Amino acid sequence: MPLTLDDVRELDRQDPLATFRNRFALPEGTIYLDGNSLGAQPRAAVAAVDGLMSQWRDSLIQGWNQGWFDAPERLGDRLAPLLGAEPGEVLVTDTITHNIFKLLGYITEGQKGTEGQGRGRPVILSEGGNFPTDGYIAQGFCRFGGFEHRVVPEGEALDAYLDERVAAVVLSHVHYRTGRLRDMAVITRQVHASGAEVVWDLAHSAGALLVDLAACDVRYAVGCTYKYLNGGPGAPAFLYVRRDCQAQAWQPLSGWLGHAAPFAFEADYAPAPGISRFRTGTHSPLAFAALEASLALWQEVDLAQLRRKSQRLIELFRESLSGCLEEHGISDITPDEAQRGSQVGLVEREHGYAIVQALIERGVIGDYREPGLMRFGFAPLYLSHEDVWQAAQHLREVLGAGEYLAPRFQQRGAVT
Ligand SMILES: Cc1ncc(COP(=O)(O)O)c(C=O)c1O
């Protein structure tokens with residue numbers, strides 16, 4: 001039997017994470033199912049950015065010695081417990097794109113010295129159908145570094161592709177389109193056993209589920225903070241390098257702030273010890289201020305509760321749509337519970353884009369990815385069971401009345 005409005009309100013009353021909702025500023029009347037693209041704004045971020053503006057006004061250049069300079073390491077330490085990492089193993093810096101490039105260079109440079117490796121391993125593998133930047137930057141790295149880029153077709157096991165020529169693999173923990181969760185421990189073991197390294201992209205898992213990099217024996221990972229971690233538009237990304245792997249080589253973007261003594265202004269580069277060598281140039285304290293406010297809130301979150309609620313919300317959404325999707329020729333590509341992240345994927349090739357636009361007009365914000373994919377992200381800190389139930393009712397109505405066929409829903413903006 002489908003749940004009633006009273007049922008879902010009861011679920012909200014029992015929800016141990018319910019109080020987090022008030023810590024986010026969401027526009028009235030909005031049901032936000034796009035936290036997997038850009039997270040909602042923590043109320044505390046406004047005061048934090050204001051505070052930073054005042055500090056800039058009053059402290060001027062001295063601000064750098066009042067917490068701005070060491071923000072990449074300090075915020076990395078705050079992020080570490082959410083990733084199953086130790087202090088000193090995470091650096092908040094640059095973008096995922098830059099960080100993949102840095103890690104590929106670092107890994108392959110480190111392999112050079114080892115007998116039977118280095119240029120004996122000329123291949124970088126990435127995943128077909130993955131978020132494009134991961135493949136693009138691997139291609140750019142290969143082009144300039146003299147490596148060969150190979151692609152594992154989407155969804156295929158790595159077995160046939162991992163041979164003695166492969167230096168490194170770039171993989172997503174949760175796939176951005178399908179929401180499929182890879183078995184991080186098993187794959188990491190398999191890649192290491194082949195003599196290669198794996199760089200995990202945590203864009204869709206950090207802040208969405210329990211990530212335990214140490215337990216999975218992961219050495220290298222990257223991720224962003226603007227999705228589930230609510231760091232704000234364009235918030236800095238992060239990079240993880242396990243402590244015992246931090247002193248092997250240079251990273252290729254050998255900028256001044258990754259130098260062992262940046263203010264010695266020496267002529268030659270010498271990498272900083274530890275995670276700081278993965279810095280490049282000057283970061284933006286404004287962006288770090290917003291993220292720091294969000295990470296303070298995240299310290300209070302029980303990730304096991306977060307995962308349970310995320311899965312419950314997904315099931316509620318799908319149950320509330322039962323019968324309706326089939327009726328309208330929409331396929332649900334969401335994986336089973338053990339193999340999914342925190343999103344639902346519905347495919348309607350002809351009208352998917354217009355359906356999402358019609359929902360947005362009703363205040364239900366999801367997003368659209370070619371071809372035909374309607375993506376709905378479930379961020380448990382600011383979504384209630386009632387929101388999700390209401391979103392499903394809106395989708396039923398949009399489909400039932402053919403509302404999405406209106407011409408205004410067919411025009412595309414630059415960002416979908
Ligand atoms: C899996 C994945 N990797 C990378 C990115 C983007 O990386 P960047 O921070 O370089 O823009 C995204 C953005 O949505 C993503 O989903």
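Each ligand, and each atom within it, is numbered from 1 in the order the structure gives. All figures in this text were calculated on a predicted structure; none of them were measured in a lab.
- Residue I96 has at least one N or O atom closer than 3.5 Å to an N or O atom of ligand 1.
- Applying the salt bridge (charged side-chain N to carboxylate O under 4.0 Å, His left out) rule to pairs touching residues 70-80 yields D70-R74, E73-R279, R74-E292, sequence neighbours excluded.
- In terms of protein heavy-atom proximity, atom 3 (N) of ligand 1 is closest to D201 OD2, 2.7 Å.
- For the pair E148 and R165, the salt-bridge criterion is met [side-chain N within less than 4.0 Å of a carboxylate O].
- For C224, no heavy-atom contact with ligand 1 is shorter than 4.0 Å.
- The closest protein non-hydrogen atom to atom 6 (C) of ligand 1 is Y226 OH, 3.3 Å.
- Ion pairing between E315 and R340 holds under the 4.0 Å rule for side-chain N and carboxylate O.
- Close N/O approach between T133 and ligand 1 is not found [any backbone or side-chain N/O within under 3.5 Å].
- Between R121 and E164 there is no salt bridge, since no side-chain nitrogen of the basic residue lies less than 4.0 Å from a carboxylate oxygen of the acidic one.
- For residues 182-195, the set of pairs meeting the salt bridge (charged side-chain N to carboxylate O under 4.0 Å, His left out) definition, not counting sequence neighbours, comprises E127-R182.
- Counting protein heavy atoms only, atom 14 (O) of ligand 1 is closest to K227 NZ, 2.6 Å.
- Not a single heavy atom of H175 sits less than 4.0 Å from an atom of ligand 1.
- Considering backbone and side-chain N/O of N130, none are found under 3.5 Å from N/O of ligand 1.
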